[in-house]
Participant: 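Sharing a structure below in structure tokens format, with a few things to ask.
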Amino acid sequence: MTNSTIKDRQQQLKESLIANGFKAAALNPGPDLTYFTGLDFHLMERPIIGIFPAEGTPVLILPELEQQKLSELDYNIRAFFYTEDQSGWQTVMNNALTEAGLKSGKLGVIPHRLRLLELKYLEEASPALDIVSAQPIISSLRMVKGDHEIELMQEASRIAECALTATLSAIKPGVTEKEIASKLVGRLLHHGSDPDLPFFPIVAFGPNSANPHAVPTTRELTSGDLVLIDWGANIEGYYSDITRTFAMGDIHPELEQIAEFVRKANAAGRSAVKAGVTASSVDQAARKVIEEAGYGEFFIHRTGHGLGREAHEEPYISQYNKTILKPGMTFTIEPGIYLPSRGGVRIEDDVVVTEDGCKSLTHQPRELIQLIFEE
Ligand code: CO
Ligand code: CO
């Protein structure tokens, strides 16, 4: 990632903070801090805080041992280092907030990221600050991806698809969900995914596939099972998240039928995507197909979620989200039908919004494919 992109992002953040009456945003390690600095820090017992004032240079508070990460930045940042002596940390925080000109006014944070650890230091340093959520501001900036971000997501999709293709021949009666999941993880890394996968793959056979968040077990595959696989790769912090469902040998005709309804719902969802429509209208388009087929009560989740640096981020493709889609937004389309104790089908694609439609980053066939095995 070029630093000019980082500079552009910091500039956009400033403009948005000013427009919304914020003095600054304070971010701790996670996808937001990485997005605005290009730097990766672990969330750990030592507090790290990036402060982005609406006016002036960003401030970073971090342990001395992380100093080297700042050696090649070509944008300005004012770094405040602390030592392993914890008794000095508050003083360093105080100095940093003074330098950032933060005595009062609105300080924006991400409520589901910032911990009590960082909050206490911030409150102690500037008791008059009004610490509030900056989530809408930050996510509206992050939701629309740039060309380079989309290229990375495209690569993460390509690698995930190669990894699955290389795993399919191992899927035969007698193997366990855990065995297939471990093979798939190996293939993901082998084909070039970064090791920090977006999530551990879901591999669910038969009745287990009726649980949308199934965890691989030692259940053995038998003929007549649905095989649901939900997996993704990571390229430089950008994710793919794909689901395909297969049939092991001959399956019950009703399971074949629901697979076809889900395929149509997925297609309807993707067709409904374009700039200017609401996220809820996309959910509605996919949901309608399943409802009209009589399986509405078995489609038990939203149609999709935003995807990028996080496996779940804005915009959520739910019936309640009135967010207007814009070109460059990226999210999943993943309708499903889950028949308790029998099996479930989900088909999940990753798409990018364009002016007049969407581009799918995922291309694996969506029809129910029957896995054939030789005795
Ligand atoms: Co998924
Ligand atoms: Co997903």
Side-chain angles (χ1 to χ4, degrees), residues 31 139 142-143 145 150 152-154 156-165 167 177 180-181 184-185 187-188 193-194 196-205 208-216 226-235 237-246 259 262-263 265-267 269-270 272-273 279 282-283 285-287 290 299-321 323 325 329-338 343-353 358-366:
S139 37
R142 278 188 45 206
M143 256 191 283
K145 269 65 175 179
I150 291 168
L152 294 174
M153 291 180 68
Q154 176 67 81
S157 297
R158 191 190 66 77
I159 285 171
E161 294 192 323
C162 289
L164 184 74
T165 302
T167 305
E177 294 169 344
I180 297 304
L184 181 53
V185 168
R187 294 296 175 195
L188 283 164
S193 172
D194 291 339
D196 204 0
L197 296 177
F199 53 90
F200 193 83
I202 294 173
V203 175
F205 299 158
N208 294 352
S209 61
N211 172 9
H213 284 150
V215 173
L226 284 170
V227 175
L228 185 151
I229 303 180
D230 187 344
W231 79 109
N234 170 3
I235 292 297
Y238 285 85
Y239 296 158
S240 55
D241 176 9
I242 315 173
T243 306
R244 288 293 184 266
T245 309
F246 303 89
V262 173
R263 190 191 64 75
N266 168 290
R270 285 183 291 116
V273 176
V282 175
D283 178 88
R287 194 166 300 280
I290 292 176
F299 179 15
I300 48 183
H301 53 70
R302 61 196 173 203
T303 291
H305 53 79
L307 183 70
R309 283 189 172 276
E310 290 176 273
H312 286 175
E313 58 179 49
E314 301 274 2
Y316 293 98
I317 309 303
S318 90
Q319 48 197 319
Y320 309 106
N321 187 359
T323 299
L325 301 183
M329 286 184 176
T330 48
F331 47 82
T332 68
I333 297 289
E334 51 176 309
I337 297 177
Y338 309 91
V345 174
R346 178 166 66 253
I347 302 171
E348 177 177 26
D349 288 298
D350 303 342
V351 303
V352 186
V353 181
C358 74
K359 180 183 174 222
S360 183
L361 300 176
T362 38
H363 305 289
Q364 211 121 28
R366 300 178 179 93

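Order of listing sets the numbers, starting from 1, for every ligand and every atom in it. Sequence positions, counted from 1, serve as the residue numbers for this chain. Predicted model only: the values in this text are computed from it and were never measured.
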Participant: So, Gln364 and Thr165: side-chain donor and acceptor under 3.5 Å apart, yes or no?
Facilitator: yes
Participant: Is a salt bridge present between Asp349 and Arg244, judged by a nitrogen-to-oxygen distance below 4.0 Å?
Facilitator: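 Salt bridge: yes.
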Participant: State the atom name: nearest N, O or S atom of Asp241 to the Co ion (ligand 1).
Facilitator: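 Closest N, O or S atom of Asp241 to the Co ion (ligand 1): OD1.
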Participant: In degrees, rounded to 10 degrees, what angle do Asp230 atom OD1 and Glu348 atom OE1 make at the Co ion (ligand 1)?
Facilitator: 100°
Participant: Is any side-chain heavy atom of Pro31 closer than 4.5 Å to one of Glu313?
Facilitator: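 A side-chain contact under 4.5 Å is absent here.
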Participant: Counting backbone and side-chain atoms alike, does His305 have an N/O/S atom under 2.8 Å from the Co ion (ligand 2)?
Facilitator: yes
Participant: Mind checking whether the Co ion (ligand 1) has an N, O or S of Glu334 under 2.8 Å?
Facilitator: no
Participant: Do Tyr239 and Arg309 meet the criterion of a side-chain donor-acceptor pair at a distance under 3.5 Å?
Facilitator: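 Side chains of Tyr239 and Arg309: no pair found under 3.5 Å.
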